[in-house]
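What follows is one structure encoded as structure tokens, with my remarks underneath.
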Amino acid sequence: MAIPVLIDCDPGHDDAIALLLALASPELELRGVTTVAGNQTLEKTTANAIRVLEAAGHGQLPVAAGAERPLVREPTRAAEVHGDSGLDGPALPPARARAIEAHAIDFLAGALLSSPQPVTLVPLGPLTNIALLLARHPGAAERIERVVLMGGAIAEGNVTPAAEFNVWADPEAARRVFDSGLDVTMVGLDVTHRALVGPDHAEQLRASGSLGRIVAELLDFYGGFHREVYGFAGSPIHDAVAVACVAVPGLLETAHRHVAIECASELCRGRTVVDLWRRTGRAPNAHVAVGIDAEAFVELLVERVGGLA
Ligand code: RIB
Ligand code: CA
């Protein structure tokens with residue numbers, strides 16, 4: 001029985017590849033996609049989600065647009081990483097379909113309440129939609145199997161030295177998700193920065209077909225930022241690691257720990273304060289990714305996305 005999943009995202013290069021990996025993974029049944037402002041405006045992230053699904057031949061999947069700004073903070077973008085379109089690089093056709101009428105949180109609630117079995121939520125952007133879902137539809141929250149999110153870090157930062165972008169963009173939303181009591185898995189930079197897709201794999205994808213070429217062209221653009229800023233020889237496909245965590249659980253090692261979100265400090269805004277050595281005595285509220293079989297993840301990603309028709 002495939003695992004039913006709902007993906008909330010802000011495409012974004014790695015979100016796009018994560019969507020393709022979800023479609024290419026027989027262990028998963030992607031029930032729908034919701035979008036949030038983050039890497040780019042809501043309008044662009046929504047159009048990008050539709051563009052990617054259509055390019056993969058899955059334009060029939062429902063896409064629902066959600067929050068166009070964080071709960072409290074001013075909206076931010078990551079155009080330096082993903083470009084003005086949010087998916088700079090490939091010449092992806094414009095979206096043909098439109099998002100459904102329903103707001104993302106109402107779509108998520110409907111999908112959760114109508115599902116015969118609990119559904120896994122996979123948030124890949126700022127957690128605004130998930131926080132709003134929990135507040136607006138508490139009954140639907142009971143139909144959530146688990147939340148496997150890309151965000152945070154034990155000992156790293158990317159948007160600031162202290163914080164990872166998804167949590168930094170909406171720390172108040174992240175705090176609500178981590179304090180929700182749901183079964184949360186945090187896939188942070190500690191593992192995503194260790195699983196890079198390099199030039200050889202990009203060429204393998206480029207040669208695999210039209211979709212593989214699109215992914216390679218995404219990596220051409222996205223890799224340039226990571227080469228320049230981090231000196232990486234490859235690209236961290238952050239969001240795809242969260243999808244892989246659901247599809248192939250053995251890829252990641254996790255530790256059950258308490259995670260607090262810093263919302264007061266400007267210097268450390270959005271820090272995920274992971275009690276790795278259990279010094280606070282606070283009850284664990286998340287399964288924090290502490291290890292990854294990087295080679296197996298990259299091979300899985302290239303093989304599955306490269307194999308998409
Ligand atoms: O920090 C990486 C995360 O922020 C990824 O989800 C990326 O797509 C951006 O949203
Ligand atoms: Ca993302």
Side-chain angles (χ1 to χ4, degrees), residues 5-25 28 30 32-40 44-46 48-49 51-53 55-56 61 63 66 77-78 81-83 86-89 104 120-130 146-153 156 158-159 164-170 174 177 184-197 205 214-215 218-219 221-223 225-226 232 234-248 251-252 272 289 292 294 297-298 300-302 304-305 308:
V5 299
L6 291 162
I7 291 180
D8 185 70
C9 57
D10 62 335
H13 290 65
D14 55 327
D15 305 72
I17 299 170
L19 287 172
L20 296 176
L21 178 60
L23 294 171
S25 295
L28 307 180
L30 181 56
V33 175
T34 53
T35 56
V36 64
N39 285 322
Q40 260 301 344
K44 291 180 180 178
T45 60
T46 304
N48 289 340
R51 292 166 76 194
V52 171
L53 293 175
L61 277 171
V63 175
R77 307 285 166 258
V81 185
H82 302 279
L87 274 188
D88 281 20
T120 295
L121 289 189
V122 185
L124 305 177
L127 290 160
T128 319
N129 286 341
I130 312 305
R146 60 195 283 232
V147 178
V148 180
L149 62 91
M150 192 281 138
E156 282 221 37
N158 57 5
V159 65
E164 176 281 325
F165 177 79
N166 287 339
V167 176
W168 176 87
D170 197 340
V177 173
V184 173
T185 295
M186 175 183 128
V187 179
L189 298 177
D190 318 276
V191 294
T192 66
H193 273 173
R194 291 184 355 218
L196 306 181
V197 175
L205 284 163
I214 288 170
V215 173
L218 285 170
L219 293 172
F221 180 89
Y222 184 61
F225 170 81
H226 289 90
F232 285 170
S235 299
I237 319 300
H238 307 283
D239 295 333
V241 179
V243 167
C245 174
V246 183
V248 185
L251 285 178
L252 292 185
T272 44
I292 184 169
F297 164 73
V298 173
L300 176 96
L301 180 69
V302 173
R304 289 190 175 186
V305 171
L308 267 176

Taking the side chain as every heavy atom from C-beta outward, state whether [X] and [Y] have any atom pair closer than 4.5 Å.
X: T34; Y: L6; answer: no
X: N166; Y: M150; answer: yes
X: C9; Y: D239; answer: no
X: L53; Y: L23; answer: yes
X: V36; Y: I130; answer: no
X: V305; Y: L205; answer: yes
X: P123; Y: N129; answer: no

- For the pair Y222 and H238, name the ring-plane relationship: parallel under 30°, tilted 30 to 60°, perpendicular over 60°.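 If you compare the ring of Y222 with that of H238, the planes turn out perpendicular.
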
How long is the gap from [atom1] on [X] to [atom2] on [Y], to the nearest 0.5 Å?
X: T46; Y: Q40; atom1: OG1; atom2: CD; answer: 11.5 Å
X: S25; Y: L300; atom1: OG; atom2: CG; answer: 6.0 Å
X: D15; Y: D8; atom1: CG; atom2: CG; answer: 9.5 Å
X: L87; Y: I214; atom1: CG; atom2: CD1; answer: 10.0 Å

- Considering the options L252, L28, L121, which one meets the side chain to side chain contact (heavy atoms under 4.5 Å, CB included) requirement together with V246?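 Answer to the side chain to side chain contact (heavy atoms under 4.5 Å, CB included) test with V246 among L252, L28, L121: L28.
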
- Query: With respect to V241, which candidate in L21, D14, I292 satisfies the side chain to side chain contact (heavy atoms under 4.5 Å, CB included) definition?
  - Reply: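 Exactly one pass, corresponding to I292.
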
